[in-house]
Every structure is written in C-alpha cells, then in structure tokens.
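Just so we're on the same page: letters track the sequence lines, and every chain starts at 1.
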Amino acid sequence: MLKVNLKKLKAYGDRLDDGIVQLSFTLPVSASPEAKEAARRYAEGLGLEKVSIPAMEPMGEGFAYFVAYGYAKHSIDFTKIRVPKVEIPQMDYSELKDYMARNIDRQIVVIGAATGADAHTVGIDAIMNMKGFGGDYGLERYPLMKAINLRSQLTNQQLIDKAAELSADAILISQVVTQRESHIKNLKEFRDLIKKDKRLPKELVTIIGGPRIDHALALKLGFDAGFGPGTKPSQVASFIVHEYMKRRGLREKQATVETQAQPASQRTEINAPALHSEKPRHEHHHAGKHHGDRPRGEERHTHKPRQAVHHAATVTPNKPPEALDQNTDTLPAAVPQKKRRRRGRRGGRRHRKRREKINAATNTPESGS
Amino acid sequence: MAYRKLNLDRDKIDQCRDIAARIVSPVQKYIDRHSTTSIERSVLRIFGIEDAHLEMPHANLIVDRLDRDRLRKGIAHWFGRALVHTKLDAKVLAKKLATDELRLEDIPEVPEEHARRAARELAEAGLRRLDEARRKRDGAASNLGIGPQPWKYLIVATGNIYDDCAQAVSAVATGADIIAVIRTTAQSLLDYVPDGITTEGFGGTLATQANFRVMRTALDEAGRKAGRHIRLVNYSSGLCMSEIAAMAAFERLDVLLNDSMYGILFRDINMKRTFVDQYFSRLICARSGIIINTGEDNYLTTTDAYRNAHHVLTSQFINEQFALNANLPPEQMGLGHAFEMDPTLEDGFLYELAQAQMIREIFPRAPIKFMPPTKFMTGDIMFGNVLDTMFNVCGIITEQSIQLLGIPTEAMHNPHLQDRYWALKNANYIFQNLRHIGDEISFNPNGKIARRAHTVLENAHKYLRKIEVMGLMKSISKGMFAEIERAEDGGKGLEGVFQKDRAYFNPVLDLLKERGS
C-alpha cells in the first residue's frame, strides 16, 4: 500500500506525490510558436512546473486550443477539510415506503419546478417523475407523497403561490442551465420572497438542485439542502421525510418483524438522539439563516450520501423489456423485469389517476398568464 | 440511396400516413376557421412594418389597439382602408397608428375593392421580398456548394450576438455546416419579437431581426472563406411562431425549429394557438424554402427512449401531415429524433440503429435531424465524448441528413469554444472515415435490429389508431405525447386566438396558399 501523506495531499499521475495535472484551455490568439509559448507560461502562472504542451490546435482565425501537462507545486492538508453534506440516513425506495407507512399518517406534499429563465426540466423530472432516474423511482411513485411537478417557466412568486395553495411541505427548485451566475440571483430572489410570505408554514422544507448546486451553496443561500448532479430521487426523498419528522418532533416507530427493509445500522442511525436534540434550531427555521451558524462539529461520523453510480461503470447489464405492448406504456425502465410488471401496472393506474387530479388542480389558475 | 434495408411493411407505413391525415384533418378545419394576433402581426411584418416604438414593435401596437371584434375581419382589411384613405406610405401610416396619432376604427369607409387592392399590393410586394431572399440564399448555396451529409449542426448561445458570431466563425473553420443561435430561454413566452441588436441574454441570445442580419453577414463571410454555404438556424416556436418565420425568411435563414406540438407540450402554450400559428408559419417556410426541424427529440427527455420509441414515429407522421397541409415538400421536413437510450441497456446501440434506420426509410426524402445524447451526459466529459462518438457512428451508418453534434460538456454549461472544437473533430473523423459505410451494410432480416424496427412501426400504427379514436386535442390532454398533459383551453396565448369573420381578409394567406395547390 502507498503511504499517502494526508497532511500534504498532491495530485497523483504516475507516481505518488508527483502532482501531475492535465488541463485544456483556449487562448484568443491564432496558433503559432508564440501562442504555444504563451500557453506554457500561462500554465506556469497557474502554479505548474515543467509544463508541457502536447497539443496546440488552431480553431479558426484568432483562437487556439491547448492541452497542457505540468507538475503542481502545492499540496493540501486533507485532515483539515470539512464539507457540509446532507447528513441524514439514506434509505432506498422500498425502505422509505415502509418507513413512511409506519411513521406518517398523511401524504407529504412536495412541489417542484425549474424556475426563472431556465426551461430545462431534466433535473426536476428525474427526481419527481414516476420513472425516476438510474433505476431509482421518482417521488411521484411514493404512496405517501403527493409530488407535483410544475416543470418550468414559473416565476419564483408563482411557485410560492402554488406552495401556499397546495399546502406544500417541501419545495424543490431545479436550476440546470445558467449563465453568469443567473441561478444564484434567481435563488436569492426566491429566498427573499419566501421570507416575506406569511402563508407558508415554518416547517416548510426548501431544497435546490442542479449541476452547479451543492449542499454548501444551498446552506449559504438559506435553503435546507442542495443536491448536485447524479442525485437519486431516494436521496431527496430521504431528506424530505427526515426533515418532515424532525420538524414535527415525530419519533420513529420500530419496524415490525416482517418488514425487514432496513439494515440494523441504519435503524440505529435514525434513532440517534442527536437528531432530536437539534430541535430548538428549527424554531426559527423560517428565516432560513440558521444553517450558516450550524456548528461544524455536527458533520462528523454520519453517513455520506450514496454515491451516484456512473452509467458506464455499472456492471450488471440493463436488459431491455421484451415486449412493447400497450399495457406497459407507463412502466418504468431499469428495474428487474418481474418486479416492474407487477408494480408497474398498479402504479401506472394510480399514477394516471393522480396525475389527472393534479392536472385539474394545476392547470386552471394560470391560463393565459 | 439504399433506403430499403429493414424490409418494413410498406402497407403499414401507408396506413400510418392515412391515419395521421385523418387525425390532422379536423384540426386543420379548426385552423382554417381561426386566426391569431400573432398571424395578424405577421401580415403587417410582411407588409414591411418592421419598426418599433419604445421597444414595442409597431405590428404589436397596431394589432393590440384594434378591438377584437374588428380584428375578426383581418388586420389587412383595416390597414388597407387606412392606406386608401390617408394615401400615406405603409411605414409612415404604421408609425401614426402605433403612436395613436391615428386610429384604425376612426377611418371612414372606402370602397371595399380599393382597400383590398391596396392591401394586396403590399402583400405581393412582401412576398416578392421573400422570394428575392430565397433566390439569394439558393444562389449562394449553389455557387458555394454545401457540405456532404450528415450536415454538422452546432449551437452558439452566449447571449451576446457578437460573441455568438466569433464562436460561430470558429466552428465553421473547424467544419460546421449549420449554426443555430439558441434563444434566450424565456423568449418563447414573449408575445412580441424584441427589436434591435442585443448583447444580453440568459442561456441564449434574443431572436431579433437585427441579430439575424448580424449573424447572416458573419456566416456569409465565413462561408466564402470555407468554400461552402453555411446554414443559419433559429426558432419559430412559442407565441411568435409565424412572425419569427417571416423575419427569418427576410433575413435568409435556412432552417427553423418548427413543430406542430412542441410549444403545447414543452412551453405550455395553448394548443389551439399553436395549431393555428404553426400553419401560417409553415406556409411562410414553404414559400421561402426554409427547412423546418421538428422537436420529437424532446419527447425522449421526458419519457424512456426505448419504451416510447413509437411516440417519436407517431409524432413524425402527424408533423408530416400538418406540414403537407401547409405546402411543405418532404425536402423541407427535417423531422427530428434523438439518440437517448440508457447507455447501460444491453444492445442499446442496436436499437438506436434500428430507430434511426427506420426513420430514414420511412421518410426517405426528408432532411432528418438527429439529436445527440443529453439525458445520460453526466459531466464526465471523457465518457461523454464516447457517447457522442457512438451517436456519430449511428448517424453516418443510417445516413442521417442533419446531425446536431453532441457536446461532451452537455448538462454542464453552454458549450465553450473548445467544447465545440472537440465535437467537430470527433464528427469530422467519423464521418470522413465511415463515409460510405451505409452502402456496405445490410441487416439480418430476422435479427434484433430489423425486428425492433418492425415492432416500433407496429406500435406507432396502434398508437395512431388510438389517437384517431380519441382526437388529437383530447390525446394531448390525456398525456399521450411525452407523457405531458395539456388541457385544451389551458396554457398561454389562448386569448390571442379568434374566429374569423365571414368577411375575413388576409391577402398574405391567400397568396401563400395559392402557390402550393
């Protein structure tokens, strides 16, 4: 085994501590020997030594593209690093379903949308739509969640009005394509509006997500959680359920013998007294500012969120369903065949019904806006 | 072209077309009885009314100032009357109307024939300008020549039209054949087209007539250097579908995104508004030789590409019928689809091949547009490049016409300059290296690929029949497309739809319709 010095962590290329870094960039000058030398010096200025430029490619007049390698001088003390994370026990779909059936007596209302100028709904769809993402069912599929995906082209005010109208317990905001920090501006506006709004309960959970979102940013902006790329719906669901219970001071009821969904380790985690002892923090939750004051120590020794599984790295091949008959129209993909058929049929019907209801509720008020 | 490799059931394909025609027919009847504020504004734009007052186009101000009941006779009726009475030049008259110096309803009646003649003359002059623009573009294309298919289609989206130009010119130097300027995202919901050159936008650049001109000039120049005509794309969708078509036609754009249902499903625009608008916009495209690109690829971002592949084909049949009704020949129907299957799917590439080849064979004359993977792009740009490579291989094997190049940084940010460069280098290599691979390949008649294509066609046939029974508008309200439900009277823009008076007069429409029949 390599002996890694965590106090002086460096990039690994070919040998421990060589600090080799690869990068690529464009300079707005035409390709030339001078341009290449400029690229080399530019990379040196970034803190690299022994810089080599193995590729200089002309990209039309006035632009050249470079690939650079170099040895980074500096190192990082890994032992000092603390990153805020969503620190709650993770459960998968069936665990959560059982957990919610035991502990919650009504549907949790979750609404979500891509707001502002962003019209990209891939993120919110992956989390909310029945089918979910990467084999993990979306929030619409949870029997004890009323998940309403408002998709895109909503202003922050419209989303807040909707939350009040539907008595939402949680709001999800997705920001996918942004430019020049427009997502930050938009999220700040939402935070300011929601602070002023008296109609919403103090237990309301606010969550943001998107490729340029992380938990630290969410806390900084006054949201309760932030989820980055690769997040599975069950991660978001776990957080919502956990916060829902915590904010109402609900205690977990023990699993009965026949529901063995939860591994022992996670069960103890949920019962951990630490979670309930934090209650006073949430008295003033609504201001959304307390997170910044949260003591850092809290973040130790808890579960990390499940890692996103990279598609190409998955070992088990995803077999396609055999038939494409009409009945399977609403079935989700990427789960084993047998399970899908049985659940899908039931789920499909229920899904359609509920969607019709939701549609009736969501489509009327804003027509012609 | 060796377009019959899958041994598809030709009778079934014909039946699909017949069913699609029957699905579209009642909607077309609705279209013929109605007009919209956007269409009336387009009429004014074709009359040459292009100026704005305090950033609001004259066309909007004039149409909005006329009450709805009068508008049912058509803006041309009122404008023609005012022309005859005031004897003013159209632009001067428009300015007076837009600034409330004159009111259309106050203008005394003139003999109907005179009013109509005046409006018809303006319409004819407008269409002469359209035809002139078309000749100029077709001339450039035949003088310079165009690149071999698949045409490499790249996107710029900086928000600043001048940055867009610099990036577009760089892409052309590396091999791009088509440049699309992405619109700032909320523009589809604006009920007017902004005016002037713009340098600010989110996720894209405002579509304005001035911006069209700036980019057209830059691409003409870049095309002369590269020795091939570079096509320019923008978006004829949203609430100003037909106005953008008119502006684009005047500024010699080559391709417009234009779908009969996209706005309904993905922008929550009212379906009646969209159906009426798309017809007029397509008539303009037909007359101007503009290739339309339909948006079936979008379905696969909300539904599963493997399971719902037949939704794409179904929608293509419907889009085709709407297009035929608007005089568009197949050569201008860039029907869309996408490479969006889950990369972990066993034999997924075979199914992608089946789909792409099937669409190629069912629409042999159409400039089919193939869209790249987006849903399974993760930010791992190295793997993203591999996915894009497979997409390009699929495109060249199945002889797609327009290949929107995948960008490895999809889902991270709008493409940086070098992102576009990687994409082009990838496509250049694959298209060059596999140029005639399509001629060499035949498919096992009992193999997975052929069987898959048959299944999808069969399912599309069934699905079309279901839609026929239900009716198109009801089908949309039941979530039959993209699993998105839209109510018949929901969404934006319905207030802009009105029923035509018996004396409705629209000389532009009359002239555009004439040509095809």
Side-chain angles (χ1 to χ4, degrees), chain A residues 24-26 28 57-63 65 116-122 125-126 129 131 134 151-153 176-180 182 211-212 229-230 308 310-312 314 316-321 323-326 328-334 352 355-356 359-360 363-364 366-369, chain B residues 159 166 169-174 184-186 188-189 202-203 266-268 270 301-304 306-308 310 342-348 351 374-376 378-380 383 386 411-414 416-418 421 425 455-456 459 462 466 479 483-487 489-495:
Chain A
S24 59
F25 54 89
T26 298
E57 304 272 316
M59 294 195 294
E61 229 167 89
F63 290 108
Y65 164 70
D118 190 7
H120 294 78
T121 58
V122 271
D125 289 343
N129 286 6
K131 190 172 87 76
R151 303 181 63 82
S152 70
Q153 311 267 327
V176 177
V177 172
T178 76
Q179 225 170 15
R180 280 170 248 121
S182 67
R212 289 165 69 187
H310 197 289
H311 301 288
T314 322
T316 30
N318 173 8
K319 293 271 186 180
L324 270 168
D325 60 299
Q326 304 287 359
T328 58
D329 265 341
T330 51
L331 303 192
R352 261 196 299 275
R355 267 216 314 232
E356 269 161 26
N359 215 43
N363 267 352
T364 36
E366 1 155 18
S367 55
S369 67
Chain B
V169 168
S170 162
V172 169
T174 321
T184 181
T185 35
S188 54
L189 301 184
F202 290 116
F266 296 95
R267 290 291 176 268
D268 197 14
N270 174 266
T301 60
T302 56
T303 69
D304 184 76
Y306 179 83
R307 266 185 323 113
N308 293 333
H310 60 293
D342 186 335
T344 64
L345 185 71
E346 189 175 73
D347 290 325
Y351 305 128
T374 57
K375 201 161 54 167
F376 294 96
T378 58
D380 177 355
F383 181 70
V386 177
M412 292 164 61
H413 48 238
N414 283 333
H416 291 167
L417 204 71
Q418 65 247 30
Y421 176 75
K425 214 171 161 186
T455 309
V456 175
N459 281 311
K462 278 189 205 154
K466 228 163 121 180
E483 296 181 0
I484 294 171
E485 296 157 5
R486 297 296 186 198
D489 289 327
K492 298 160 185 95
L494 180 59
E495 70 283 354

Undergrad: Output the distance between atom CG (A/Asp125) and atom CD1 (B/Ile484), rounded to the nearest 0.5 Å.
TA: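 One gets 7.0 Å once the value is rounded to the nearest 0.5 Å.
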
Undergrad: Apply the test side chain to side chain contact (heavy atoms under 4.5 Å, CB included) to residues A/Arg151 and B/Asp268: give CA-CA distance (whole Å), side-chain angles for both, the deciding distance (0.1 Å), then the verdict.
TA: CA-CA 10 Å; A/Arg151 303 181 63 82; B/Asp268 197 14; over 6 Å; no

Undergrad: The criterion is side-chain contact (heavy atoms from CB on, under 4.5 Å); which residues satisfy it with B/Thr374, sequence neighbours excluded?
TA: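 B/Thr374 satisfies side-chain contact (heavy atoms from CB on, under 4.5 Å) with B/Thr301, B/Glu340, B/Glu410 once adjacent residues are dropped.
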
Undergrad: Checking heavy atoms, do the side chain of B/Thr174, its backbone, both or neither come under 4.5 Å from chain A?
TA: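 Answer is side chain: those atoms of B/Thr174 sit under 4.5 Å from chain A.
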
Undergrad: Can you list everything that forms a side-chain contact (heavy atoms from CB on, under 4.5 Å) with B/Asn270? Sequence neighbours excluded, please.
TA: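 For B/Asn270 the side-chain contact (heavy atoms from CB on, under 4.5 Å) partners, ignoring immediate neighbours, are B/Lys272, B/Arg273, B/Leu494.
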
Undergrad: Check whether B/Leu417 gets within reach of chain A through its side chain, its backbone, both or neither, counting any heavy atom under 4.5 Å.
TA: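 Both backbone and side chain.
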
Undergrad: Starting from the C-alpha separation in whole Å, work towards a yes-or-no answer on side chain to side chain contact (heavy atoms under 4.5 Å, CB included) for B/Gln418 and A/Phe63.
TA: CA-CA 9 Å; B/Gln418 65 247 30; A/Phe63 290 108; over 6 Å; no

Undergrad: So which heavy atom on A/Gly60 is nearest to which on B/Ala173, and how close?
TA: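 In terms of heavy atoms, the two residues are closest at CA-CB, 3.3 Å.
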
